[in-house]
Amino acid sequence: IFPSSLPSVISILKVNIGLCLVGVIIGEFIGARQGLGYLIIYGSQTFKLTWVLMSIVILCVIAMGLYAALDLIEKHVRKK
């Protein structure tokens, strides 16, 4: 059962990778002393727009990298 459902699982992971990153950042908004979520909150409180924008750009790069990695894994699985 698992080998035949692996393509579906990987496509679901591709969809949810962005939601996972949003959850991590929201968690950092609430109670962190470091991380990108903390940097976004701190940058917005001290009016440092460059910090906020760079944190968002870093999050986008991380999301694109994870999506590309899952895309490669999906292509590899579909070949088999």
Side-chain angles (χ1 to χ4, degrees):
I1 294 174
F2 184 70
S4 64
S5 65
L6 196 57
S8 296
V9 170
I10 292 174
S11 66
I12 290 169
L13 285 173
K14 283 172 50 178
V15 171
N16 287 323
I17 201 73
L19 296 174
C20 292
L21 287 174
V22 169
V24 167
I25 296 303
I26 296 299
E28 287 181 358
F29 283 171
I30 294 171
R33 296 273 181 211
Q34 58 186 2
L36 292 174
Y38 174 75
L39 195 60
I40 291 171
I41 292 295
Y42 181 74
S44 67
Q45 290 173 350
T46 58
F47 302 108
K48 295 185 180 182
L49 184 62
T50 56
W51 290 14
V52 174
L53 291 177
M54 186 50 70
S55 299
I56 293 171
V57 167
I58 291 171
L59 283 172
C60 290
V61 168
I62 291 171
M64 288 185 335
L66 290 172
Y67 187 86
L70 283 172
D71 193 38
L72 287 173
I73 292 170
E74 183 182 29
K75 286 179 184 176
H76 180 69
V77 167
R78 290 196 186 263
K79 282 184 181 179
K80 290 184 178 183

Pairs involving residues 52-70, ordered by first then second residue, that meet salt bridge (charged side-chain N to carboxylate O under 4.0 Å, His left out) (sequence neighbours left out)
none
Residues sharing L53's hydrophobic cluster, by side-chain heavy-atom contacts under 4.5 Å among ILVMFWY, directly or via others?
L49
Heavy atoms only: give me the nearest V77-I10 pair and the separation to one decimal.
CG2-CD1, 3.7 Å
Considering residues at least two apart in sequence or located in another chain, which fulfil the side-chain hydrogen bond (donor to acceptor under 3.5 Å, both in side chains) criterion with D71?
K14
Linking Ile, Leu, Val, Met, Phe, Trp and Tyr through side-chain heavy atoms less than 4.5 Å apart, which residues share a cluster with L19?
none
Residues that T46 engages under side chain to side chain contact (heavy atoms under 4.5 Å, CB included), provided they are two or more places apart:
Y42, K48
Of the non-hydrogen atoms in S4 and P7, which two are nearest, and what is the gap between them?
O-CD, 3.7 Å
Does R33 have any salt bridge (Lys or Arg N to Asp or Glu O under 4.0 Å) partners at least two apart in sequence or in another chain, and if so, which?
none
Can you list everything that forms a side chain to side chain contact (heavy atoms under 4.5 Å, CB included) with V24? Sequence neighbours excluded, please.
E28
Is V9 linked to I12 within one hydrophobic cluster, defined over Ile, Leu, Val, Met, Phe, Trp and Tyr using a side-chain heavy-atom separation of less than 4.5 Å?
no
For residues 59-68, which side-chain donor-acceptor pairs fall under 3.5 Å, sequence neighbours excluded?
none

Which atom names give the shortest non-hydrogen contact between I40 and S55, and what distance separates them?
CG1-CB, 3.5 Å
If I take atom CG from residue L36 and atom CE from residue M54, how far apart are they, to the nearest 0.5 angstrom?
11.0 Å
Answer yes if I30 and I25 sit in the same cluster of Ile, Leu, Val, Met, Phe, Trp and Tyr residues linked by side chain heavy atoms under 4.5 Å apart, and no otherwise.
yes
Just jot down the side chain to side chain contact (heavy atoms under 4.5 Å, CB included) partners of I41, sequence neighbours excluded, or say none.
F29, Q45
If you group Ile, Leu, Val, Met, Phe, Trp and Tyr by side-chain heavy-atom gaps below 4.5 Å, do W51 and I56 land in one group?
no
